[in-house]
Structures are given as structure tokens and as C-alpha cells.
J.: 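For reference, the structure I am asking about is given below.
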Amino acid sequence: MEALIAQIQANTAIAIGLIFAFAALGTGIGFGLLGGKFLEGSARQPEMAPMLQTKMFIVAGLLDALSIIGVAFAALLMFGNPLLAALGG
């Protein structure tokens with residue numbers, strides 16, 4: 001039973017690391033694409049820049065929300081692991 005608990009904790013630690021890594025990677029790629037497309041759109045039509053900037057900030061907030069949800073899920077696994085509760089330990 002002790003070995004099973006240790007294995008679940010080790011696999012959970014690996015999963016938490018992967019969640020953090022993919023959340024950071026996805027957010028970084030998303031912000032890079034978002035900023036690049038905003039600059040392209042502003043360069044092509046400068047009069048549309050204020051409207052594009054407003055929409056960019058809305059999408060940036062949604063993009064951040066996805067990574068924050070991933071971090072919250074990782075915190076749940078770290079501090080209140082439901083897999084260990086299923087074992088009864």
C-alpha cells in the first residue's frame with residue numbers, strides 16, 4: 001500500500017510539471033501569435049488600431065484564463081489529490 005501511494009504521488013508530481021510546462025508554452029505561443037497579428041493588422045489599417053487593441057485585450061484575458069485554470073487544476077492535484085482519497089489514505 002505504501003508503494004502504491006508513493007507511485008501515485010510521483011506520477012502526480014510529473015503530471016503537475018507537465019501541466020505547468022504546457023500552460024506556459026501554450027500561453028507564450030498564444031501571446032506571440034496574438035501580438036504579431038495585432039501588429040500586422042495595425043500596420044495595414046492604422047485607423048482600426050483602437051478597435052483591434054480592445055479585441056486583443058479581450059482575447060489576451062481569455063488566453064490567460066486558460067493557463068490559470070491549468071495552474072488551479074495542478075494545485076488541486078498537489079494539495080488535495082483525489083487519487084489518494086480514492087485509495088482511502
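Any value given below was found using the heavy atoms of this structure, including those in side chains, with hydrogens, waters and symmetry copies removed.
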J.: To check you understand the geometry: which heavy-atom pair defines the closest contact between A49 and F38, and what is its length?
T.: O-CE1, 3.9 Å

J.: Should V59 and M48 be counted in the same cluster of Ile, Leu, Val, Met, Phe, Trp and Tyr side chains packed under 4.5 Å apart?
T.: yes

J.: Going from CZ on F79 to CD1 on I16, what distance comes out if it is rounded to the nearest 0.5 angstrom?
T.: 8.0 Å

J.: Applying the 4.5 Å side-chain criterion to the ILVMFWY set and letting contacts propagate, would L76 and V71 be lumped into a single cluster?
T.: yes

J.: Measuring from atom CG of L33 to atom CD1 of I29, what distance do you get when rounded to the nearest 0.5 angstrom?
T.: 7.5 Å

J.: Is there a path from I14 to F22 through hydrophobic residues (I, L, V, M, F, W, Y) whose side chains come within less than 4.5 Å of each other?
T.: yes

J.: Consider only side-chain heavy atoms of I, L, V, M, F, W and Y, link residues closer than 4.5 Å, and tell whether L39 and F57 are in one cluster.
T.: yes

J.: Using the side chain to side chain donor-acceptor pair (under 3.5 Å) criterion, which residues pair with T12? Sequence neighbours excluded.
T.: N81

J.: Let me confirm one number: the CD-CE distance from Q53 to M56, rounded to the nearest 0.5 Å.
T.: 5.5 Å

J.: If you take all heavy atoms of L63 and G30, which pair is closest and at what distance?
T.: CD2-C, 3.5 Å

J.: Quick one: closest heavy-atom pair of A74 and I19, and the distance?
T.: CB-CG2, 4.0 Å

J.: Would you give the length of the straight line joining atom OG1 of T27 to atom CD1 of I68, rounded to the nearest 0.5 angstrom?
T.: 8.5 Å

J.: Counting neighbours of CD on E2 that are heavy atoms of other residues, nucleotides or ligands and sit closer than 6.0 Å, is the number greater than 12?
T.: no

J.: Should the heavy atoms of other residues, nucleotides or ligands under 6.0 Å from CZ of F20 be counted, would the total exceed 12?
T.: yes

J.: What are the two closest non-hydrogen atoms of P82 and L77, and how far apart are they?
T.: CD-CD2, 4.1 Å

J.: Minimum heavy-atom separation for L87 and M1, please, with both atom names.
T.: O-CE, 3.6 Å

J.: Looking only at heavy atoms, which two atoms of Q9 and L84 are closest? And how far apart?
T.: NE2-CD1, 3.8 Å

J.: Is the side chain of S67 donor-acceptor paired with the backbone N or O of D64 at a distance under 3.5 Å, no angle test?
T.: yes

J.: Could you state whether L34 and L25 fall into the same hydrophobic cluster, counting links through intermediate Ile, Leu, Val, Met, Phe, Trp or Tyr residues with side-chain heavy atoms under 4.5 angstrom apart?
T.: no

J.: Taking side chain to side chain contact (heavy atoms under 4.5 Å, CB included) as the definition, give me every residue that meets it alongside E40, ordered by chain and number, with sequence neighbours left out.
T.: K37

